[in-house]
A.B. asks: 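So that we are looking at the same thing, I have put the structure below in C-alpha coordinates.
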There are 2 protein chains.
Amino acid sequence: MKNFHPDNNCPVRNVLCRLGDKWSMLVLITLNANGTMRFCDIHKTIADISQRMLTVTLRTLETDGLVSRKVYAEVPPRVEYELTERGKSLIPHIEGLVDWALQQMPGIMESRSQTGTA
Amino acid sequence: MKNFHPDNNCPVRNVLCRLGDKWSMLVLITLNANGTMRFCDIHKTIADISQRMLTVTLRTLETDGLVSRKVYAEVPPRVEYELTERGKSLIPHIEGLVDWALQQMPGIMESRSQTGTA
DNA sequence: CGGGATCCCTCATGATACTG
DNA sequence: CAGTATCATGAGGGATCCCG
(Lines give C-alpha, C1' and ligand atoms only; values in the text may rest on other atoms or scores of the structure.)
Protein backbone atom coordinates (compact mmCIF):
# COMPACT_ATOMS: atom_id res chain seq x y z
CA MET A 1 0.00 0.00 0.00
CA LYS A 2 1.38 3.31 -1.08
CA ASN A 3 1.15 6.20 1.25
CA PHE A 4 2.28 9.78 1.58
CA HIS A 5 3.35 10.31 5.11
CA PRO A 6 4.28 13.73 6.35
CA ASP A 7 7.47 12.36 7.83
CA ASN A 8 10.22 13.97 5.89
CA ASN A 9 10.42 14.73 2.24
CA CYS A 10 6.92 14.26 0.90
CA PRO A 11 6.83 16.65 -2.04
CA VAL A 12 3.05 16.68 -2.06
CA ARG A 13 2.89 18.19 1.37
CA ASN A 14 5.61 20.59 0.49
CA VAL A 15 4.11 21.84 -2.71
CA LEU A 16 0.66 22.11 -1.19
CA CYS A 17 2.02 23.95 1.78
CA ARG A 18 3.49 26.61 -0.45
CA LEU A 19 1.06 26.81 -3.32
CA GLY A 20 -2.10 25.74 -1.59
CA ASP A 21 -2.42 28.97 0.27
CA LYS A 22 -4.96 31.52 -0.68
CA TRP A 23 -2.90 33.73 -2.96
CA SER A 24 0.31 32.17 -4.27
CA MET A 25 -1.03 30.64 -7.44
CA LEU A 26 -3.05 33.74 -8.15
CA VAL A 27 0.04 35.93 -7.90
CA LEU A 28 2.00 33.52 -10.06
CA ILE A 29 -0.48 33.42 -12.90
CA THR A 30 -0.98 37.17 -12.64
CA LEU A 31 2.74 37.76 -13.04
CA ASN A 32 2.83 35.24 -15.84
CA ALA A 33 0.01 36.97 -17.65
CA ASN A 34 1.39 40.48 -17.27
CA GLY A 35 5.15 40.10 -17.08
CA THR A 36 7.05 42.49 -14.88
CA MET A 37 4.79 44.26 -12.43
CA ARG A 38 5.11 46.77 -9.64
CA PHE A 39 3.72 46.08 -6.21
CA CYS A 40 0.86 48.47 -6.78
CA ASP A 41 -0.04 46.90 -10.11
CA ILE A 42 -0.30 43.46 -8.61
CA HIS A 43 -2.41 44.86 -5.85
CA LYS A 44 -4.76 46.48 -8.33
CA THR A 45 -4.95 43.32 -10.40
CA ILE A 46 -5.76 41.14 -7.42
CA ALA A 47 -8.06 43.66 -5.86
CA ASP A 48 -9.20 41.70 -2.87
CA ILE A 49 -5.84 40.83 -1.41
CA SER A 50 -4.70 42.90 1.53
CA GLN A 51 -1.44 44.77 1.31
CA ARG A 52 -0.05 42.65 4.05
CA MET A 53 -0.91 39.35 2.43
CA LEU A 54 0.46 40.48 -0.89
CA THR A 55 3.73 41.33 0.81
CA VAL A 56 3.82 38.03 2.67
CA THR A 57 2.97 36.05 -0.45
CA LEU A 58 5.55 37.79 -2.57
CA ARG A 59 8.20 37.27 0.09
CA THR A 60 7.47 33.57 0.28
CA LEU A 61 7.58 33.21 -3.48
CA GLU A 62 10.82 35.13 -3.53
CA THR A 63 12.27 32.93 -0.81
CA ASP A 64 11.46 29.87 -2.87
CA GLY A 65 13.02 31.43 -5.93
CA LEU A 66 9.79 31.57 -7.90
CA VAL A 67 9.63 35.33 -8.15
CA SER A 68 12.38 37.93 -8.44
CA ARG A 69 12.25 41.25 -6.66
CA LYS A 70 14.07 44.26 -8.02
CA VAL A 71 14.28 47.44 -5.98
CA TYR A 72 15.09 50.75 -7.61
CA ALA A 73 16.71 53.37 -5.39
CA GLU A 74 14.41 56.14 -6.47
CA VAL A 75 12.58 58.77 -4.51
CA PRO A 76 9.14 57.42 -5.10
CA PRO A 77 10.25 53.86 -4.35
CA ARG A 78 9.83 51.42 -7.17
CA VAL A 79 9.89 47.65 -6.80
CA GLU A 80 9.35 45.33 -9.70
CA TYR A 81 8.41 41.71 -9.54
CA GLU A 82 8.63 39.05 -12.19
CA LEU A 83 8.68 35.30 -12.48
CA THR A 84 12.03 33.56 -12.31
CA GLU A 85 12.78 30.65 -14.62
CA ARG A 86 11.71 28.31 -11.87
CA GLY A 87 8.53 30.25 -11.45
CA LYS A 88 7.83 30.07 -15.15
CA SER A 89 8.43 26.33 -15.12
CA LEU A 90 5.58 25.95 -12.68
CA ILE A 91 3.07 27.86 -14.78
CA PRO A 92 2.14 25.02 -17.17
CA HIS A 93 1.19 22.81 -14.26
CA ILE A 94 -0.97 25.47 -12.71
CA GLU A 95 -2.57 26.12 -16.06
CA GLY A 96 -3.20 22.40 -16.42
CA LEU A 97 -5.13 22.59 -13.19
CA VAL A 98 -6.97 25.70 -14.32
CA ASP A 99 -7.91 24.15 -17.63
CA TRP A 100 -9.18 21.08 -15.86
CA ALA A 101 -11.21 23.31 -13.58
CA LEU A 102 -12.70 25.15 -16.53
CA GLN A 103 -13.73 21.92 -18.21
CA GLN A 104 -15.06 20.22 -15.13
CA MET A 105 -16.72 23.15 -13.44
CA PRO A 106 -20.14 22.67 -15.04
CA GLY A 107 -20.23 19.01 -14.06
CA ILE A 108 -18.94 19.76 -10.60
CA MET A 109 -21.58 22.43 -10.11
CA GLU A 110 -24.22 19.98 -11.16
CA SER A 111 -22.80 17.39 -8.84
CA ARG A 112 -22.86 19.83 -5.96
CA SER A 113 -26.44 20.81 -6.51
CA GLN A 114 -27.55 17.19 -6.72
CA THR A 115 -26.14 16.20 -3.36
CA GLY A 116 -27.64 19.30 -1.91
CA THR A 117 -24.46 20.28 -0.15
CA ALA A 118 -23.28 23.85 -0.70
CA MET B 1 -3.84 43.87 -18.26
CA LYS B 2 -5.13 40.44 -17.47
CA ASN B 3 -6.49 39.77 -14.06
CA PHE B 4 -8.31 37.12 -12.12
CA HIS B 5 -10.96 38.75 -10.08
CA PRO B 6 -12.96 36.78 -7.57
CA ASP B 7 -16.18 38.16 -9.00
CA ASN B 8 -18.01 35.23 -10.40
CA ASN B 9 -16.63 32.31 -12.29
CA CYS B 10 -12.91 32.41 -11.79
CA PRO B 11 -11.93 28.76 -12.01
CA VAL B 12 -8.64 29.40 -10.31
CA ARG B 13 -10.32 30.48 -7.14
CA ASN B 14 -12.72 27.64 -7.39
CA VAL B 15 -10.23 24.90 -7.89
CA LEU B 16 -7.93 26.28 -5.23
CA CYS B 17 -10.77 26.54 -2.81
CA ARG B 18 -11.52 22.87 -3.16
CA LEU B 19 -8.12 21.34 -3.71
CA GLY B 20 -5.94 23.79 -1.90
CA ASP B 21 -7.10 22.63 1.47
CA LYS B 22 -4.92 20.57 3.69
CA TRP B 23 -6.05 17.10 2.69
CA SER B 24 -8.00 16.86 -0.59
CA MET B 25 -5.11 16.24 -2.95
CA LEU B 26 -3.57 13.84 -0.50
CA VAL B 27 -6.75 11.79 -0.34
CA LEU B 28 -7.05 11.85 -4.12
CA ILE B 29 -3.55 10.59 -4.82
CA THR B 30 -3.88 8.04 -2.05
CA LEU B 31 -7.05 6.66 -3.61
CA ASN B 32 -5.42 6.74 -7.00
CA ALA B 33 -2.41 4.82 -5.76
CA ASN B 34 -4.39 2.18 -3.92
CA GLY B 35 -7.69 1.89 -5.74
CA THR B 36 -10.78 1.14 -3.69
CA MET B 37 -10.21 1.76 -0.02
CA ARG B 38 -12.16 1.57 3.20
CA PHE B 39 -12.41 4.52 5.51
CA CYS B 40 -10.08 2.90 7.96
CA ASP B 41 -7.50 2.15 5.30
CA ILE B 42 -7.37 5.73 4.15
CA HIS B 43 -7.03 6.82 7.71
CA LYS B 44 -4.12 4.47 8.27
CA THR B 45 -2.46 5.60 5.05
CA ILE B 46 -2.77 9.26 5.90
CA ALA B 47 -1.91 8.77 9.52
CA ASP B 48 -1.95 12.36 10.66
CA ILE B 49 -5.40 13.27 9.48
CA SER B 50 -8.10 13.40 12.12
CA GLN B 51 -11.16 11.24 11.71
CA ARG B 52 -13.23 14.33 11.43
CA MET B 53 -11.20 15.91 8.67
CA LEU B 54 -11.08 12.69 6.73
CA THR B 55 -14.85 12.52 6.86
CA VAL B 56 -15.22 16.16 5.89
CA THR B 57 -12.72 15.85 3.07
CA LEU B 58 -14.31 12.71 1.67
CA ARG B 59 -17.74 14.30 1.81
CA THR B 60 -16.54 17.34 -0.08
CA LEU B 61 -14.85 15.22 -2.72
CA GLU B 62 -17.99 13.14 -3.00
CA THR B 63 -20.10 16.26 -3.35
CA ASP B 64 -17.93 17.42 -6.22
CA GLY B 65 -18.17 14.01 -7.84
CA LEU B 66 -14.48 13.25 -7.52
CA VAL B 67 -14.88 10.29 -5.21
CA SER B 68 -17.59 7.67 -4.96
CA ARG B 69 -18.86 6.31 -1.69
CA LYS B 70 -20.31 2.84 -1.46
CA VAL B 71 -21.97 1.68 1.75
CA TYR B 72 -22.47 -2.02 2.47
CA ALA B 73 -25.33 -2.90 4.79
CA GLU B 74 -23.31 -5.25 6.91
CA VAL B 75 -23.07 -5.67 10.64
CA PRO B 76 -19.60 -4.30 10.98
CA PRO B 77 -20.32 -1.39 8.67
CA ARG B 78 -18.22 -1.24 5.57
CA VAL B 79 -17.79 1.80 3.37
CA GLU B 80 -15.61 1.84 0.32
CA TYR B 81 -14.26 4.86 -1.47
CA GLU B 82 -12.80 5.13 -4.92
CA LEU B 83 -12.07 7.76 -7.53
CA THR B 84 -14.77 8.56 -10.04
CA GLU B 85 -13.89 9.18 -13.66
CA ARG B 86 -13.80 12.86 -12.95
CA GLY B 87 -11.53 12.27 -9.99
CA LYS B 88 -9.22 10.19 -12.13
CA SER B 89 -9.10 12.91 -14.76
CA LEU B 90 -7.66 15.26 -12.17
CA ILE B 91 -4.85 12.94 -11.15
CA PRO B 92 -2.47 13.73 -14.04
CA HIS B 93 -2.58 17.40 -13.19
CA ILE B 94 -1.85 16.77 -9.55
CA GLU B 95 0.96 14.45 -10.52
CA GLY B 96 2.32 17.13 -12.80
CA LEU B 97 2.51 19.37 -9.80
CA VAL B 98 4.07 16.64 -7.69
CA ASP B 99 6.66 15.85 -10.33
CA TRP B 100 7.54 19.50 -10.59
CA ALA B 101 7.88 19.63 -6.83
CA LEU B 102 10.17 16.63 -6.84
CA GLN B 103 12.41 18.16 -9.45
CA GLN B 104 12.49 21.65 -8.00
CA MET B 105 12.66 20.79 -4.32
CA PRO B 106 16.46 20.74 -4.10
CA GLY B 107 16.73 24.12 -5.75
CA ILE B 108 13.92 25.52 -3.68
CA MET B 109 15.53 24.28 -0.50
CA GLU B 110 18.76 25.91 -1.51
CA SER B 111 16.90 29.08 -2.33
CA ARG B 112 15.24 29.09 1.06
CA SER B 113 18.47 28.62 2.94
CA GLN B 114 20.13 31.43 1.04
CA THR B 115 17.57 34.04 1.90
CA GLY B 116 17.67 32.87 5.45
CA THR B 117 13.93 32.63 5.71
CA ALA B 118 12.54 29.38 7.08
C1' DC C 1 -16.43 0.17 11.80
C1' DG C 2 -17.84 4.53 10.19
C1' DG C 3 -18.94 8.90 11.21
C1' DG C 4 -22.19 12.67 13.24
C1' DA C 5 -22.20 16.38 16.85
C1' DT C 6 -19.91 19.31 19.89
C1' DC C 7 -16.38 22.10 22.07
C1' DC C 8 -12.29 24.54 21.77
C1' DC C 9 -8.14 26.49 20.17
C1' DT C 10 -4.70 28.03 16.94
C1' DC C 11 -3.17 30.17 12.99
C1' DA C 12 -3.83 32.46 8.82
C1' DT C 13 -5.82 36.42 7.26
C1' DG C 14 -7.79 41.13 7.44
C1' DA C 15 -7.89 46.09 8.98
C1' DT C 16 -5.61 49.87 10.51
C1' DA C 17 -1.91 52.94 11.42
C1' DC C 18 2.83 54.29 10.84
C1' DT C 19 7.60 54.73 8.30
C1' DG C 20 11.44 55.35 4.80
C1' DC D 1 5.10 53.90 -3.45
C1' DA D 2 6.16 50.06 -0.84
C1' DG D 3 6.29 48.38 2.69
C1' DT D 4 6.45 47.17 8.47
C1' DA D 5 4.11 46.73 12.97
C1' DT D 6 0.29 45.85 15.65
C1' DC D 7 -4.10 44.25 16.86
C1' DA D 8 -8.46 41.79 15.97
C1' DT D 9 -11.05 37.91 13.81
C1' DG D 10 -13.07 33.70 12.34
C1' DA D 11 -12.76 29.71 9.86
C1' DG D 12 -10.09 25.45 9.73
C1' DG D 13 -8.85 21.86 12.14
C1' DG D 14 -8.05 18.71 16.51
C1' DA D 15 -9.98 16.09 20.53
C1' DT D 16 -13.65 13.93 22.44
C1' DC D 17 -18.06 11.75 23.04
C1' DC D 18 -21.81 9.36 21.21
C1' DC D 19 -24.68 6.67 17.93
C1' DG D 20 -26.37 3.01 14.33
Side-chain angles (χ1 to χ4, degrees), chain A residues 1 5-6 13-27 30-31 34 36-64 67-82 115-118, chain B residues 1 5-6 12-14 16-27 30-31 34 36-64 67-82 115-118:
Chain A
M1 167 137 11
H5 286 309
R13 306 278 184 133
N14 236 303
V15 73
L16 284 189
C17 235
R18 292 286 171 157
L19 304 176
D21 74 337
K22 202 171 175 181
W23 304 110
S24 293
M25 289 207 197
L26 218 45
V27 170
T30 298
L31 280 175
N34 295 290
T36 303
M37 296 178 80
R38 300 181 59 166
F39 185 90
C40 207
D41 293 332
I42 305 177
H43 201 172
K44 273 181 285 189
T45 306
I46 310 175
D48 59 334
I49 191 175
S50 67
Q51 196 180 35
R52 170 184 152 78
M53 288 318 296
L54 181 52
T55 301
V56 171
T57 302
L58 284 169
R59 285 289 190 280
T60 302
L61 294 175
E62 190 196 357
T63 300
D64 281 8
V67 161
S68 72
R69 181 170 179 267
K70 197 172 181 181
V71 184
Y72 295 85
E74 300 175 0
V75 175
R78 183 155 59 102
V79 181
E80 288 182 350
Y81 295 90
E82 63 178 334
T115 15
T117 312
Chain B
M1 167 140 7
H5 285 309
V12 183
R13 307 278 183 132
N14 237 303
L16 284 188
C17 234
R18 291 288 171 156
L19 303 176
D21 73 338
K22 202 170 176 181
W23 303 111
S24 292
M25 287 208 198
L26 218 45
V27 169
T30 298
L31 280 174
N34 296 290
T36 302
M37 296 178 80
R38 300 181 59 167
F39 185 89
C40 209
D41 293 331
I42 306 177
H43 200 174
K44 273 181 284 187
T45 306
I46 311 176
D48 58 334
I49 190 175
S50 68
Q51 196 179 39
R52 169 185 150 77
M53 287 319 296
L54 181 53
T55 301
V56 171
T57 301
L58 284 169
R59 283 291 188 278
T60 302
L61 293 175
E62 190 195 357
T63 299
D64 281 8
V67 161
S68 72
R69 181 169 179 269
K70 197 170 180 182
V71 184
Y72 295 85
E74 300 176 0
V75 174
R78 183 157 59 103
V79 181
E80 287 181 349
Y81 296 91
E82 63 178 334
T115 15
T117 312

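Below, chain A is the first sequence line, B the second, and so on; all start at residue 1. Small disclaimer: the values here were computed from a predicted structure and weren't measured. Because only heavy atoms are used, hydrogens play no part in the values below, and waters and symmetry mates are left out as well, while side chains stay in.
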A.B. asks: Identify whether any heavy atom of A:Arg52 sits under 4.0 Å from a base atom; if not, whether one sits that close to sugar-phosphate; answer base, sugar-phosphate or nothing.
C.D. replies: base

A.B. asks: In whole angstrom, what separates B:Met53's CE from D:dG12's P?
C.D. replies: 8 Å

A.B. asks: Identify the two heavy atoms, one from A:Ile49 and one from A:Ile46, that lie closest to each other, and give their separation to 0.1 Å.
C.D. replies: CG2-O, 3.1 Å

A.B. asks: Nearest of C:dT13, D:dT4, C:dG4 to any side-chain atom of B:Arg59?
C.D. replies: C:dG4

A.B. asks: Rounded to the Å, how far apart are A:Tyr72 OH and C:dG20 P?
C.D. replies: 24 Å

A.B. asks: Any side-chain heavy-atom pair from B:Asp41 and B:Lys44 closer than 4.5 angstrom?
C.D. replies: yes

A.B. asks: Determine, step by step, whether A:Leu58 and A:Phe39 satisfy the side-chain contact (heavy atoms from CB on, under 4.5 Å) criterion, reporting the C-alpha distance in whole Å, the side-chain angles of both residues, the deciding distance to 0.1 Å, and the verdict.
C.D. replies: CA-CA 9 Å; A:Leu58 284 169; A:Phe39 185 90; 3.9 Å; yes

A.B. asks: Are side-chain heavy atoms of A:Arg18 and A:Thr60 found at a separation under 4.5 Å?
C.D. replies: yes

A.B. asks: To the nearest Å, how far apart are B:Gln51 CD and D:dT16 P?
C.D. replies: 12 Å

A.B. asks: With a 4.5 Å cut-off on side-chain heavy atoms, are A:Thr57 and A:Leu26 touching?
C.D. replies: no

A.B. asks: Please give, in whole Å, the distance from D:dA2 P to A:Lys44 NZ?
C.D. replies: 9 Å

A.B. asks: Once you round it to whole Å, what is the distance between P of C:dG3 and CE of B:Met37?
C.D. replies: 13 Å

A.B. asks: Determine the minimum heavy-atom distance between A:Arg38 and A:Pro77, stating which atoms define it.
C.D. replies: NH2-O, 3.3 Å

A.B. asks: Rounded to whole angstrom units, what separation is found between the CZ atom of B:Arg18 and the P atom of D:dG12?
C.D. replies: 11 Å

A.B. asks: If you round to the nearest 0.5 Å, how far is CG of A:Leu31 from CD of A:Glu80?
C.D. replies: 11.0 Å

A.B. asks: Quick one: A:Lys22 NZ to D:dT9 P, roughly how many Å, whole number?
C.D. replies: 17 Å

A.B. asks: What residues in residues 74-82 of chain A put a non-hydrogen atom under 4.0 Å from any atom of DNA chain C?
C.D. replies: A:Pro77

A.B. asks: In whole angstroms, how far is the P atom of C:dG14 from the CD1 atom of A:Ile46?
C.D. replies: 12 Å

A.B. asks: Ignoring backbone atoms, test whether B:Ser50 places a side-chain nitrogen or oxygen under 4.0 Å from the OP1 or OP2 oxygen of D:dG14.
C.D. replies: yes

